[in-house]
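To keep things clear, I will list the structure first and then write my remarks on it.
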Amino acid sequence: MSMASLSSSLMWFRKGLRIHDNPALEHAAKDSKFLYPVFVIDPHYMESDPTAFSPGSSRAGLNRIRFLLESLRDLDSSLQKLGSRLLVLKGEPSEVVIRCLKEWRINKLCFEYDTEPYYQALDDKVKNYAAVAGIEVFSPVSHTLFNPADIIKKNGGRPPLSYQSFLKVAGEPSWNSSPLSISPPCLPPVGNVGNSGNFEVPSIGDLGYDETEEGGTTPFRGGESEALKRLRESIANKEWVANFEKPKGDPSAFLKPATTVLSPYLKFGCLSSRYFYQCIQEVQRNVKRHTSPPVSLLGQLLWREFFYTAAFGTPNFDQMNGNRICKQIPWNDDDHLLAAWRDARTGFPWIDAIMIQLQKWGWMHHLARHCVACFLTRGDLFVHWEKGRHVFERLLIDSDWAINNGNWLWLSCSSFFYQYNRIYSPISFGKKYDPNGNFIRHFLPVLKDMPKEYIYEPWSAPLSIQRKAKCIIGVDYPKPVVSHDSASKECRRRLAEAYELNKKLKGVVSTEDLKTLKRKLEEGKNQESKSKKLKQKLIG
DNA sequence: GAACCGTTGCGCCA
DNA sequence: TGGCGCAACGGTTC
């Protein structure tokens with residue numbers, strides 16, 4: 001064996017916080033004398049921000065920060081079982097990694113490829129240094145089933161914008177012809193790291209957060225071990241896996257959620273999406289019949305791919321301005337309405353209960369997310385989807401840049417989906433699943449004694465009933481911020497006008513054009529209320 | 001240029 | 001539980 005092949009490797013963990021199906025880790029371990037497994041705590045995501053609307057950093061709530069630390073501890077413990085350990089450092093990641101490459105005389109740098117713009121920029125810096133220093137870089141695609149770049153190329157340079165066309169272009173994943181290796185790799189020891197730091201996984205307190213503070217109450221524990229346990233439990237019920245139909249799931253189920261809740265583990269890569277894919281396939285092979293994409297369980301994994309591909313192939317995917325697939329719509333900038341939504345004070349119990357579940361758990365059912373996203377944007381409040389996106393991005397434990405932005409584009413009828421007349425009712429949608437309002441009673445205990453006839457619209461309860469339920473509307477629980485009937489009608493009108501403008505200008509809408517439209521819409525609104533008043537006068 | 005389709009709307013009817 | 005009218009979008013396909 002030559003000197004060059006028996007080298008020191010650095011495995012840079014970012015997502016992909018797992019041992020199983022981790023090609024970067026395997027490559028780092030191969031033919032190496034020493035292996036340095038590194039995770040960098042990035043202040044960009046982790047630094048405490050006391051001005052944020054809830055405990056956490058400016059980009060992550062306490063629930064997700066805790067979930068990440070749990071995942072790191074689990075990874076460290078798995079590495080230790082293999083005779084290694086995790087080295088946790090703090091700082092701007094590209095600087096920290098470059099410093100490690102120098103100090104530890106690394107010959108080979110391995111990390112999972114990441115399609116997010118933030119990581120692309122970070123990776124470029126590190127790769128540039130490595131190229132100059134003559135360090136081998138191995139950066140495989142293993143977070144997703146497909147390489148988004150391949151699909152975009154196959155589709156003629158642009159990402160497919162409908163799910164069906166995505167499926168056609170994507171086909172079968174290339175690695176799927178044989179089972180993946182999921183047995184733990186043999187790891188070389190960690191080399192000398194000096195005594196300049198302790199490299200331990202920090203506690204939430206070490207990062208400057210108050211452990212006792214609200215916002216860290218999710219029932220879901222992070223880590224690969226937990227992910228694999230949850231995966232086994234989910235796929236053990238073969239009938240459930242085979243008959244899974246996403247739209248038929250109950251968004252109000254909280255004692256036993258209607259889905260796998262594997263999304264946070266996929267987000268951090270505690271679970272390999274490829275391994276999950278093969279496990280589902282294995283179940284499907286052993287049953288007579290099963291559901292298919294888009295509604296099946298496999299279909300859910302393919303939705304993830306769909307959004308990753310769209311996000312990778314669309315500049316400015318996370319904003320309206322400069323995003324070629326995003327309809328230009330004159331959303332409001334109403335911070336009061338935004339705050340009412342964010343802080344679960346809209347006065348619509350179904351909406352507010354979901355927002356409380358988001359705050360407490362960092363997770364809600366997909367359809368529940370639809371309801372609150374639609375309500376904030378095109379359904380009722382007409383607040384900019386980017387504002388809602390930011391709240392979800394901070395608070396969800398599974399928040400994923402591509403998927404979160406993709407779904408906000410979808411729900412706000414800004415891209416992918418355009419039938420803006422289909423609006424989720426904040427009153428009747430939840431009632432279908434949960435007529436007794438158990439979900440509301442659980443997350444909004446102030447309404448726990450409200451009779452089921454009124455629990456979805458408590459403002460309509462007679463005062464005697466409100467008194468009996470010990471919940472006076474306007475005192476103990478807010479009055480609704482808008483009337484759904486008139487607000488949703490107004491939203492439809494605005495969207496119709498905005499769509500017309502987008503069509504007329506072939507999607508090239510300037511901020512000036514939007515301002516003009518906004519003025520026109522305001523005038524229309526005033527005119528309408530004037531004529532209403534006039535009518536009332538005449539009737540009166 | 002038209003027909004068809006689209007992860008999951010609502011309210012009403014049978 | 002399933003089908004229809006509502007009103008009527010854009011992407012894809014022919």
Side-chain angles (χ1 to χ4, degrees), chain A residues 154-156 158-170 243-253 257-260 263 290-310 313-314 323-329 348 350-351 354 364-375 377-380 403 406-435 456-457 483-489 491-507 509:
Chain A
K154 262 201 219 169
N155 197 48
R158 291 211 172 185
L161 296 178
S162 79
Y163 186 79
Q164 293 307 328
S165 58
F166 172 85
L167 290 186
K168 254 185 231 167
V169 177
N243 297 320
F244 186 89
E245 277 185 77
K246 189 64 165 281
K248 293 208 173 146
D250 177 357
S252 71
T259 55
T260 61
S263 54
H290 59 79
T291 52
S292 299
V295 297
S296 65
L297 210 47
L298 224 46
Q300 305 315 298
L301 270 179
L302 292 162
W303 276 108
R304 181 172 177 267
E305 302 294 313
F306 172 76
F307 285 124
Y308 263 86
T309 308
T314 308
N323 180 345
R324 67 173 180 231
I325 68 166
C326 181
K327 287 255 179 290
Q328 304 298 303
I329 295 166
F348 290 91
W350 170 245
I351 300 299
I354 294 167
M364 315 91 97
H365 186 274
H366 190 62
L367 287 178
R369 300 181 193 201
H370 279 210
C371 288
V372 295
C374 178
F375 184 85
T377 57
R378 68 182 169 87
D380 291 84
I403 301 171
N407 276 305
W408 277 97
L409 284 163
W410 187 295
L411 262 301
S412 63
C413 280
S414 296
S415 196
F416 308 115
F417 176 80
Y418 306 97
Q419 283 161 285
Y420 56 78
N421 282 303
R422 296 188 182 172
I423 291 172
Y424 290 91
S425 162
I427 296 151
S428 51
F429 188 82
K431 213 185 268 181
K432 276 192 299 204
Y433 299 92
D434 181 14
Y456 284 88
E457 34 196 337
S483 142
H484 173 63
D485 284 342
S486 55
S488 60
K489 214 172 149 191
C491 284
R492 278 179 241 238
R493 187 180 75 90
R494 288 172 179 229
L495 273 169
E497 295 260 11
Y499 269 38
E500 206 183 293
L501 183 70
N502 276 265
K503 205 175 191 171
K504 201 176 91 190
L505 300 177
K506 297 190 167 67
V509 182

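Note that the structure is predicted; figures quoted are calculated from it, not measured.
- Distance, A:Arg422 CZ to B:dG6 C1': 8 Å, rounded to whole Å.
- Comparing atom distances between the A:Asn421 side chain and each of C:dC9, C:dA8, B:dT7 picks out C:dA8 as nearest.
- Look at A:Lys432 and you'll find a side-chain N or O under 4.0 angstrom from OP1 or OP2 of B:dC10.
- Spacing between atom NZ of A:Lys503 and atom P of C:dG11 amounts to 10 Å, rounded to whole angstrom units.
- The side-chain heavy atoms of A:Ser296 and A:His290, taken from C-beta on, include no pair separated by under 4.5 Å.
- Rounded to whole Å, the C1' atom of C:dA8 lies 14 Å from the corresponding atom of B:dC4.
- Ring orientation note: the planes of A:Phe429 and A:Trp350 are tilted relative to one another, at an angle of 30° to 60°.
- For A:Ser165, taking side-chain heavy atoms from C-beta onward, the closest of the listed nucleotides B:dT7, C:dC9, C:dT12 is C:dT12.
- A:His366 has its NE2 atom 11 Å from the P atom of B:dG9, to the nearest Å.
- Whole-Å rounding puts the A:Gln419 CD to C:dG5 P distance at 17 Å.
- Across all strands, A:Gln164 comes closer than 4.0 Å only to sugar-phosphate atoms, never to a base (heavy-atom distances).
- Across all strands shown, A:Lys168 has heavy atoms under 4.0 Å from sugar-phosphate atoms exclusively, and none from any base.
- One atom, CG of A:Leu495, and another, P of C:dG10, lie 11 Å apart when rounded to the nearest Å.
- When each of C:dG10, B:dT7, C:dT12 is scored by its nearest atom to the side-chain atoms of A:Tyr418, the top-ranked nucleotide is C:dG10.
- In this structure, A:Phe166 has its ring center at least 6.0 angstrom away from the ring center of A:Tyr308.
- No donor-acceptor pair closer than 3.5 Å links the side chain of A:Asp380 to the backbone N or O of A:Ala487.
- Between A:Ser162 and the phosphate of C:dG10, there is no side-chain N or O to OP1/OP2 separation shorter than 4.0 Å.
- By the 5.5 angstrom centroid cut-off and the 30-degree plane limit, A:Tyr420 is classified as not stacked against the base of C:dC9.
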Q: Show your reasoning for whether side-chain contact (heavy atoms from CB on, under 4.5 Å) applies to A:Phe244 and A:Val295.
A: CA-CA 7 Å; A:Phe244 186 89; A:Val295 297; over 6 Å; no

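- Per the geometry, CD1 belonging to A:Ile403 stands 16 Å off P belonging to B:dT7, to the nearest Å.
- Heavy atoms of A:Phe429 sit under 4.0 angstrom from primed sugar atoms or phosphate atoms, though from no base atom.
- Shown here for A:Pro160 and A:Thr309, the closest heavy-atom pair between the two residues is CD-CG2, 4.2 Å.
- Nucleotides B:dC5 and C:dC4, compared at atom P, are 15 Å apart to the nearest Å.
- Nucleotide C:dG11 holds its C1' atom 17 Å from the CZ atom of A:Phe166, rounded to whole Å.
- As rounded to the nearest Å, C:dA7 and B:dT7 have P atoms that lie 25 Å from one another.
- The partner of C:dA7, taking Watson-Crick or G-U wobble pairs whose two distances both stay under 3.5 Å, does not exist in any strand shown.
- One interatomic measurement links the two molecules: CD of A:Glu245 to C1' of C:dT1, which rounds to 13 Å at whole-angstrom precision.
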